[in-house]
Amino acid sequence: MESGVIPVTELPGGLDLQATLESGQTFVWDREDGRMYEDGVSGGSAWYATVVDGEVVRVRQTDDRLEWESTTDAEPLLVDLLRLDDDLDAIVASIPADPLLEEAFERYRGLRLVRDRFFPCLVSFICSAQMRVERIHGMQRALAREFGERVSFDGRTYHAFPTPERLAEATEAELRALNLGYRAPYVKRSAELLATGELSIADLDGLAYEAAREAMQAFVGVGEKVADCVLLFSQSYLEAVPLDTWIRGAIEEHYPDCDRGSYAETSRAIRERFGGRYAGYAQTYVFHHLRHLE
DNA sequence: ATCCAGGATGTAT
DNA sequence: ATACATCATGGA
(Lines give C-alpha, C1' and ligand atoms only; values in the text may rest on other atoms or scores of the structure.)
Protein backbone atom coordinates (compact mmCIF):
# COMPACT_ATOMS: atom_id res chain seq x y z
CA MET A 1 0.00 0.00 0.00
CA GLU A 2 1.20 3.46 -0.87
CA SER A 3 0.13 6.54 1.06
CA GLY A 4 0.83 10.23 1.26
CA VAL A 5 -0.32 13.68 2.26
CA ILE A 6 -1.04 16.68 0.08
CA PRO A 7 -0.86 19.96 2.00
CA VAL A 8 -4.05 21.82 1.15
CA THR A 9 -2.50 25.13 2.15
CA GLU A 10 -0.34 25.00 -0.96
CA LEU A 11 -3.40 24.94 -3.24
CA PRO A 12 -4.62 28.37 -4.38
CA GLY A 13 -8.18 28.58 -3.10
CA GLY A 14 -7.77 25.52 -0.89
CA LEU A 15 -9.97 22.44 -0.95
CA ASP A 16 -13.29 21.37 0.54
CA LEU A 17 -13.27 17.64 -0.12
CA GLN A 18 -16.76 17.00 1.19
CA ALA A 19 -18.33 19.75 -0.91
CA THR A 20 -16.38 18.58 -3.94
CA LEU A 21 -17.43 14.93 -3.66
CA GLU A 22 -20.96 15.42 -2.28
CA SER A 23 -22.16 18.25 -4.52
CA GLY A 24 -23.73 15.98 -7.11
CA GLN A 25 -21.11 16.45 -9.84
CA THR A 26 -19.42 13.07 -9.43
CA PHE A 27 -20.87 9.69 -8.57
CA VAL A 28 -17.75 7.52 -8.64
CA TRP A 29 -16.80 8.10 -4.99
CA ASP A 30 -18.23 6.29 -2.02
CA ARG A 31 -18.08 7.52 1.54
CA GLU A 32 -16.91 4.64 3.68
CA ASP A 33 -18.99 5.56 6.71
CA GLY A 34 -22.08 5.26 4.53
CA ARG A 35 -23.28 8.79 5.28
CA MET A 36 -22.96 10.29 1.82
CA TYR A 37 -25.25 13.31 1.32
CA GLU A 38 -26.59 13.21 4.86
CA ASP A 39 -27.31 16.81 5.67
CA GLY A 40 -25.52 18.32 8.60
CA VAL A 41 -23.07 15.44 8.86
CA SER A 42 -19.57 16.81 8.60
CA GLY A 43 -17.41 15.08 6.03
CA GLY A 44 -14.32 16.30 7.81
CA SER A 45 -12.14 13.21 8.38
CA ALA A 46 -14.52 10.87 6.55
CA TRP A 47 -12.81 8.51 4.10
CA TYR A 48 -13.93 8.43 0.49
CA ALA A 49 -12.93 5.70 -1.98
CA THR A 50 -13.02 5.15 -5.70
CA VAL A 51 -11.49 2.94 -8.38
CA VAL A 52 -10.02 4.81 -11.33
CA ASP A 53 -7.86 3.38 -14.11
CA GLY A 54 -7.85 0.10 -12.18
CA GLU A 55 -6.35 1.72 -9.08
CA VAL A 56 -8.02 2.05 -5.70
CA VAL A 57 -7.78 5.48 -4.10
CA ARG A 58 -8.90 6.38 -0.57
CA VAL A 59 -8.80 9.97 0.62
CA ARG A 60 -9.83 12.04 3.58
CA GLN A 61 -9.35 15.65 4.56
CA THR A 62 -8.33 16.61 8.06
CA ASP A 63 -7.99 20.36 8.36
CA ASP A 64 -5.25 21.35 5.93
CA ARG A 65 -4.13 17.85 5.01
CA LEU A 66 -5.44 15.69 2.20
CA GLU A 67 -4.43 12.17 3.21
CA TRP A 68 -4.49 9.32 0.72
CA GLU A 69 -3.92 5.58 0.54
CA SER A 70 -3.80 3.72 -2.74
CA THR A 71 -2.66 0.78 -4.82
CA THR A 72 -0.44 3.29 -6.62
CA ASP A 73 1.14 6.72 -6.24
CA ALA A 74 -2.16 8.58 -6.08
CA GLU A 75 -0.87 12.12 -5.91
CA PRO A 76 -0.86 12.82 -9.67
CA LEU A 77 -4.16 10.97 -9.95
CA LEU A 78 -5.75 13.16 -7.27
CA VAL A 79 -4.41 16.33 -8.86
CA ASP A 80 -6.17 15.18 -12.03
CA LEU A 81 -9.45 13.94 -10.50
CA LEU A 82 -9.97 16.82 -8.06
CA ARG A 83 -8.58 19.52 -10.33
CA LEU A 84 -6.00 20.47 -7.71
CA ASP A 85 -4.16 22.16 -10.56
CA ASP A 86 -6.93 24.75 -10.91
CA ASP A 87 -6.10 28.16 -9.44
CA LEU A 88 -9.37 28.49 -7.57
CA ASP A 89 -8.58 31.98 -6.32
CA ALA A 90 -8.04 33.22 -9.86
CA ILE A 91 -11.15 31.42 -11.09
CA VAL A 92 -13.39 32.90 -8.40
CA ALA A 93 -11.88 36.31 -9.05
CA SER A 94 -12.80 35.98 -12.73
CA ILE A 95 -16.50 35.48 -11.96
CA PRO A 96 -18.50 38.72 -11.61
CA ALA A 97 -19.69 39.09 -8.04
CA ASP A 98 -23.36 39.17 -7.10
CA PRO A 99 -25.06 38.43 -3.75
CA LEU A 100 -25.99 34.83 -4.58
CA LEU A 101 -22.51 33.91 -5.83
CA GLU A 102 -20.77 35.73 -2.98
CA GLU A 103 -22.77 33.68 -0.51
CA ALA A 104 -22.06 30.39 -2.29
CA PHE A 105 -18.35 31.14 -2.65
CA GLU A 106 -18.07 32.13 1.00
CA ARG A 107 -19.91 29.09 2.29
CA TYR A 108 -18.29 26.43 0.13
CA ARG A 109 -14.91 27.94 -0.73
CA GLY A 110 -12.65 25.05 -1.64
CA LEU A 111 -15.31 23.24 -3.67
CA ARG A 112 -13.59 22.24 -6.88
CA LEU A 113 -14.94 20.87 -10.10
CA VAL A 114 -13.91 17.30 -10.84
CA ARG A 115 -12.28 15.65 -13.84
CA ASP A 116 -14.10 12.32 -14.01
CA ARG A 117 -13.52 9.64 -16.60
CA PHE A 118 -15.79 9.98 -19.61
CA PHE A 119 -17.85 6.80 -19.49
CA PRO A 120 -18.78 6.78 -15.78
CA CYS A 121 -19.68 10.45 -16.08
CA LEU A 122 -21.77 9.84 -19.19
CA VAL A 123 -23.71 6.99 -17.60
CA SER A 124 -24.17 8.91 -14.35
CA PHE A 125 -25.83 11.82 -16.07
CA ILE A 126 -27.90 9.67 -18.42
CA CYS A 127 -29.22 8.18 -15.19
CA SER A 128 -29.72 11.63 -13.67
CA ALA A 129 -32.89 12.41 -15.63
CA GLN A 130 -35.75 13.12 -13.22
CA MET A 131 -33.77 11.61 -10.37
CA ARG A 132 -32.51 12.82 -7.02
CA VAL A 133 -28.79 13.13 -6.40
CA GLU A 134 -28.78 10.44 -3.70
CA ARG A 135 -30.45 7.94 -6.01
CA ILE A 136 -28.15 8.71 -8.94
CA HIS A 137 -25.27 7.82 -6.65
CA GLY A 138 -27.02 4.62 -5.58
CA MET A 139 -27.56 3.61 -9.20
CA GLN A 140 -23.89 4.08 -10.08
CA ARG A 141 -22.80 2.07 -7.03
CA ALA A 142 -25.21 -0.68 -8.07
CA LEU A 143 -23.81 -0.71 -11.61
CA ALA A 144 -20.28 -1.02 -10.24
CA ARG A 145 -21.25 -3.74 -7.78
CA GLU A 146 -23.09 -5.74 -10.43
CA PHE A 147 -20.95 -5.29 -13.53
CA GLY A 148 -17.62 -3.76 -12.44
CA GLU A 149 -14.22 -5.41 -12.02
CA ARG A 150 -13.35 -6.29 -8.45
CA VAL A 151 -10.14 -4.91 -6.99
CA SER A 152 -8.76 -5.96 -3.61
CA PHE A 153 -7.04 -3.42 -1.44
CA ASP A 154 -6.14 -3.39 2.23
CA GLY A 155 -8.29 -6.45 2.91
CA ARG A 156 -11.37 -5.03 1.23
CA THR A 157 -13.01 -5.45 -2.15
CA TYR A 158 -13.69 -2.42 -4.30
CA HIS A 159 -15.58 -2.22 -7.58
CA ALA A 160 -14.48 -0.35 -10.66
CA PHE A 161 -17.11 1.24 -12.85
CA PRO A 162 -18.01 -1.17 -15.67
CA THR A 163 -16.61 -0.75 -19.16
CA PRO A 164 -18.79 0.19 -22.16
CA GLU A 165 -18.33 -3.39 -23.41
CA ARG A 166 -19.71 -4.84 -20.19
CA LEU A 167 -22.75 -2.56 -20.08
CA ALA A 168 -23.37 -3.17 -23.78
CA GLU A 169 -23.57 -6.89 -22.95
CA ALA A 170 -25.98 -6.35 -20.08
CA THR A 171 -29.64 -6.85 -20.91
CA GLU A 172 -32.18 -4.11 -20.49
CA ALA A 173 -33.92 -6.32 -17.93
CA GLU A 174 -30.73 -6.60 -15.89
CA LEU A 175 -30.36 -2.83 -15.90
CA ARG A 176 -34.00 -2.32 -14.98
CA ALA A 177 -33.46 -4.74 -12.10
CA LEU A 178 -31.08 -2.12 -10.69
CA ASN A 179 -33.96 0.37 -10.77
CA LEU A 180 -32.64 2.42 -13.66
CA GLY A 181 -36.20 2.61 -14.94
CA TYR A 182 -36.71 4.04 -18.41
CA ARG A 183 -33.03 5.07 -18.47
CA ALA A 184 -31.97 1.41 -18.80
CA PRO A 185 -32.18 1.24 -22.61
CA TYR A 186 -30.49 4.64 -22.89
CA VAL A 187 -27.50 3.39 -20.89
CA LYS A 188 -27.29 0.16 -22.88
CA ARG A 189 -27.53 1.84 -26.27
CA SER A 190 -24.98 4.52 -25.39
CA ALA A 191 -22.62 1.83 -24.09
CA GLU A 192 -23.08 0.00 -27.40
CA LEU A 193 -22.24 3.13 -29.39
CA LEU A 194 -18.87 3.28 -27.60
CA ALA A 195 -18.23 -0.48 -27.55
CA THR A 196 -18.77 -0.80 -31.30
CA GLY A 197 -16.67 2.26 -32.02
CA GLU A 198 -19.60 3.95 -33.70
CA LEU A 199 -18.92 6.89 -31.37
CA SER A 200 -15.73 7.79 -29.55
CA ILE A 201 -14.54 10.33 -27.04
CA ALA A 202 -12.08 11.39 -29.74
CA ASP A 203 -15.05 12.75 -31.68
CA LEU A 204 -14.83 15.75 -29.36
CA ASP A 205 -11.19 16.48 -30.18
CA GLY A 206 -10.71 20.06 -31.21
CA LEU A 207 -14.38 20.95 -30.94
CA ALA A 208 -15.36 24.29 -29.48
CA TYR A 209 -17.81 24.18 -26.61
CA GLU A 210 -21.13 24.50 -28.44
CA ALA A 211 -20.06 22.11 -31.20
CA ALA A 212 -19.00 19.61 -28.54
CA ARG A 213 -22.42 19.92 -26.89
CA GLU A 214 -24.09 19.10 -30.20
CA ALA A 215 -21.76 16.14 -30.75
CA MET A 216 -22.54 14.73 -27.31
CA GLN A 217 -26.21 14.50 -28.19
CA ALA A 218 -25.40 11.67 -30.61
CA PHE A 219 -25.49 9.45 -27.51
CA VAL A 220 -28.86 8.08 -26.44
CA GLY A 221 -30.37 9.68 -23.38
CA VAL A 222 -28.19 12.75 -23.83
CA GLY A 223 -29.92 16.06 -24.47
CA GLU A 224 -28.55 19.56 -24.00
CA LYS A 225 -28.44 19.46 -20.21
CA VAL A 226 -26.79 16.06 -19.83
CA ALA A 227 -24.34 16.99 -22.59
CA ASP A 228 -23.34 20.05 -20.58
CA CYS A 229 -22.79 17.96 -17.45
CA VAL A 230 -20.49 15.51 -19.22
CA LEU A 231 -18.52 18.29 -20.88
CA LEU A 232 -18.14 20.16 -17.58
CA PHE A 233 -17.42 17.28 -15.20
CA SER A 234 -15.29 15.08 -17.44
CA GLN A 235 -14.04 17.02 -20.44
CA SER A 236 -12.86 20.27 -18.84
CA TYR A 237 -15.27 22.51 -20.74
CA LEU A 238 -15.39 24.82 -17.73
CA GLU A 239 -17.65 27.32 -19.51
CA ALA A 240 -20.51 24.78 -19.66
CA VAL A 241 -23.51 25.69 -17.49
CA PRO A 242 -25.95 22.78 -17.20
CA LEU A 243 -29.46 24.24 -17.05
CA ASP A 244 -31.17 21.93 -14.58
CA THR A 245 -34.22 22.61 -12.46
CA TRP A 246 -32.18 24.33 -9.74
CA ILE A 247 -30.30 26.63 -12.08
CA ARG A 248 -33.49 27.44 -13.97
CA GLY A 249 -35.00 28.40 -10.64
CA ALA A 250 -31.96 30.56 -9.87
CA ILE A 251 -32.30 32.26 -13.26
CA GLU A 252 -35.97 32.95 -12.63
CA GLU A 253 -35.22 34.31 -9.18
CA HIS A 254 -31.88 36.06 -9.57
CA TYR A 255 -31.12 36.49 -13.29
CA PRO A 256 -34.53 36.85 -15.00
CA ASP A 257 -33.04 38.79 -17.93
CA CYS A 258 -30.99 35.69 -18.81
CA ASP A 259 -34.12 33.66 -19.57
CA ARG A 260 -34.18 33.76 -23.37
CA GLY A 261 -36.65 30.94 -23.95
CA SER A 262 -34.48 28.35 -25.69
CA TYR A 263 -31.78 26.35 -23.95
CA ALA A 264 -29.07 27.54 -26.32
CA GLU A 265 -29.81 31.23 -25.89
CA THR A 266 -30.41 31.07 -22.14
CA SER A 267 -27.15 29.17 -21.86
CA ARG A 268 -25.28 31.93 -23.68
CA ALA A 269 -26.80 34.61 -21.48
CA ILE A 270 -26.10 32.94 -18.14
CA ARG A 271 -22.62 31.93 -19.28
CA GLU A 272 -21.87 35.56 -20.02
CA ARG A 273 -23.33 36.60 -16.66
CA PHE A 274 -21.03 34.12 -14.92
CA GLY A 275 -17.93 35.50 -16.58
CA GLY A 276 -17.64 33.16 -19.57
CA ARG A 277 -14.57 30.97 -19.32
CA TYR A 278 -15.21 29.52 -15.84
CA ALA A 279 -18.99 29.85 -15.76
CA GLY A 280 -19.33 26.17 -14.90
CA TYR A 281 -17.62 26.79 -11.58
CA ALA A 282 -20.25 29.41 -10.74
CA GLN A 283 -23.00 26.99 -11.79
CA THR A 284 -21.75 24.24 -9.49
CA TYR A 285 -21.38 26.56 -6.50
CA VAL A 286 -24.93 27.86 -7.05
CA PHE A 287 -26.32 24.35 -7.50
CA HIS A 288 -24.70 23.10 -4.31
CA HIS A 289 -25.67 26.19 -2.35
CA LEU A 290 -29.33 26.23 -3.38
CA ARG A 291 -29.74 22.53 -2.79
CA HIS A 292 -28.62 23.02 0.81
CA LEU A 293 -30.96 25.88 1.62
CA GLU A 294 -33.97 23.56 1.84
C1' DA B 1 -52.77 10.21 -2.63
C1' DT B 2 -50.48 13.49 -5.50
C1' DC B 3 -46.34 15.67 -6.70
C1' DC B 4 -41.64 15.91 -7.94
C1' DA B 5 -36.71 14.70 -8.79
C1' DG B 6 -29.55 17.51 -12.03
C1' DG B 7 -34.72 15.38 -18.65
C1' DA B 8 -34.90 12.85 -23.02
C1' DT B 9 -37.49 10.87 -26.63
C1' DG B 10 -41.10 10.32 -30.06
C1' DT B 11 -44.80 12.53 -32.32
C1' DA B 12 -47.71 16.16 -33.88
C1' DT B 13 -47.97 21.00 -35.11
C1' DA C 1 -38.17 25.09 -34.11
C1' DT C 2 -41.70 24.45 -30.49
C1' DA C 3 -45.57 21.91 -27.65
C1' DC C 4 -47.05 17.78 -25.64
C1' DA C 5 -47.51 13.09 -23.55
C1' DT C 6 -44.82 9.44 -21.95
C1' DC C 7 -41.29 7.23 -19.62
C1' DA C 8 -39.75 4.19 -13.79
C1' DT C 9 -39.04 4.72 -9.18
C1' DG C 10 -39.07 6.26 -4.44
C1' DG C 11 -39.63 9.74 -1.00
C1' DA C 12 -42.20 13.66 0.91
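Throughout, a chain's letter reflects where its sequence line sits, starting with A, and its residues are numbered from 1. Because the structure is predicted, anything quoted here is derived from the model rather than measured.
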Walking DNA chain B from its 5' end, the first of A:F219 and A:E134 to be reached, judged by nearest nucleotide, is A:E134
_B:dA8 versus C:dG10 - spacing of their P atoms, nearest Å_ = 22 Å
TODO: Describe the nucleic acid contact of A:E224 in one word from base, sugar-phosphate, nothing, applying a heavy-atom distance below 4.0 Å.
DONE: sugar-phosphate
Whole-Å distance, A:E172 CD to C:dC7 C1', equals 11 Å
Here the distance between atom P of B:dT9 and atom NZ of A:K188, to the nearest Å, is 18 Å
- Message: Within the 4.0 Å heavy-atom criterion, would you say A:G221 contacts the bases, only the backbone, or no part of the nucleic acid?
- Response: sugar-phosphate
Distance between C1' atoms of C:dA3 and B:dA5 (Å, rounded): 22 Å
note: A:Y182, atom OH; B:dA8, atom C1'; distance rounded to Å ~ 7 Å
A:R145/A:D30 salt bridge by N-O under 4.0 Å criterion: no
**Prompt:** Quick one: do A:D154 and A:R156 make a salt bridge, cutoff under 4.0 Å?
**Reply:** no
Could I get a table of every N or O pair under 3.5 Å where one atom is in the protein and the other is in nucleotides 9-12 of chain C?
{"residue": "C:dT9", "atom": "O2", "partner": "A:R135", "partner atom": "NH1", "Å": "2.8"}
{"residue": "C:dG10", "atom": "O4'", "partner": "A:R135", "partner atom": "NH1", "Å": "3.2"}

Tested for ring-ring contact (aromatic ring centres under 6.0 Å, His included) against A:F274, the lone hit among A:F105, A:Y255, A:Y281 is A:Y255
Notebook entry, point to check: How is A:F233 classified with respect to the nucleic acid when contacts are heavy atoms under 4.0 Å: base, sugar-phosphate, or nothing?
Noted result: base
Between NZ of A:K225 and C1' of B:dT9 the distance, given in whole Å, is 16 Å
Looking at A:R112 and A:D85, does any basic side-chain N land under 4.0 Å from a carboxylate oxygen?
-> no
Note to self: Treating A:E2 as the side-chain partner and A:A74 as the backbone partner, does any N or O pair qualify as donor plus acceptor under 3.5 Å?
What the structure shows: no
Separation of B:dG7 atom P from A:W246 atom CH2, nearest Å, is 11 Å
Taking N or O atoms only and anything under 3.5 Å, show me the protein contacts with nucleotides 11-13 of chain B, one pair per line.
none

When rounded to whole Å, the CZ to C1' distance for the pair A:R248 and B:dA5 reads 15 Å
When both distances are under 3.5 Å in a Watson-Crick or G-U wobble arrangement, the nucleotide paired with B:dA1 is none
Between CZ of A:R189 and C1' of B:dA8 the distance, given in whole Å, is 11 Å
### Query
Can a salt bridge be assigned to the pair A:E210 and A:R268 using a cut-off of 4.0 Å between side-chain N and carboxylate O?
yes
May I ask you to check whether over 12 heavy atoms, not counting those of A:D257, lie within 6.0 Å of atom CG? yes
Rounded to the nearest 0.5 angstrom, the CG-CG distance for A:L88 and A:L113 is 9.0 Å
When rounded to whole Å, the CD1 to C1' distance for the pair A:I136 and B:dG7 reads 11 Å
*asked:* A side-chain contact here means heavy atoms from C-beta on lying under 4.5 Å apart; do A:D228 and A:V241 qualify?
replied: no
Which of A:L122, A:L207, A:V226, A:D203 passes side chain to side chain contact (heavy atoms under 4.5 Å, CB included) with A:M216? It is A:L122
DNA chain B nearest-nucleotide lookup for A:Q217 and A:Q25: closer to the 5′ end is A:Q25
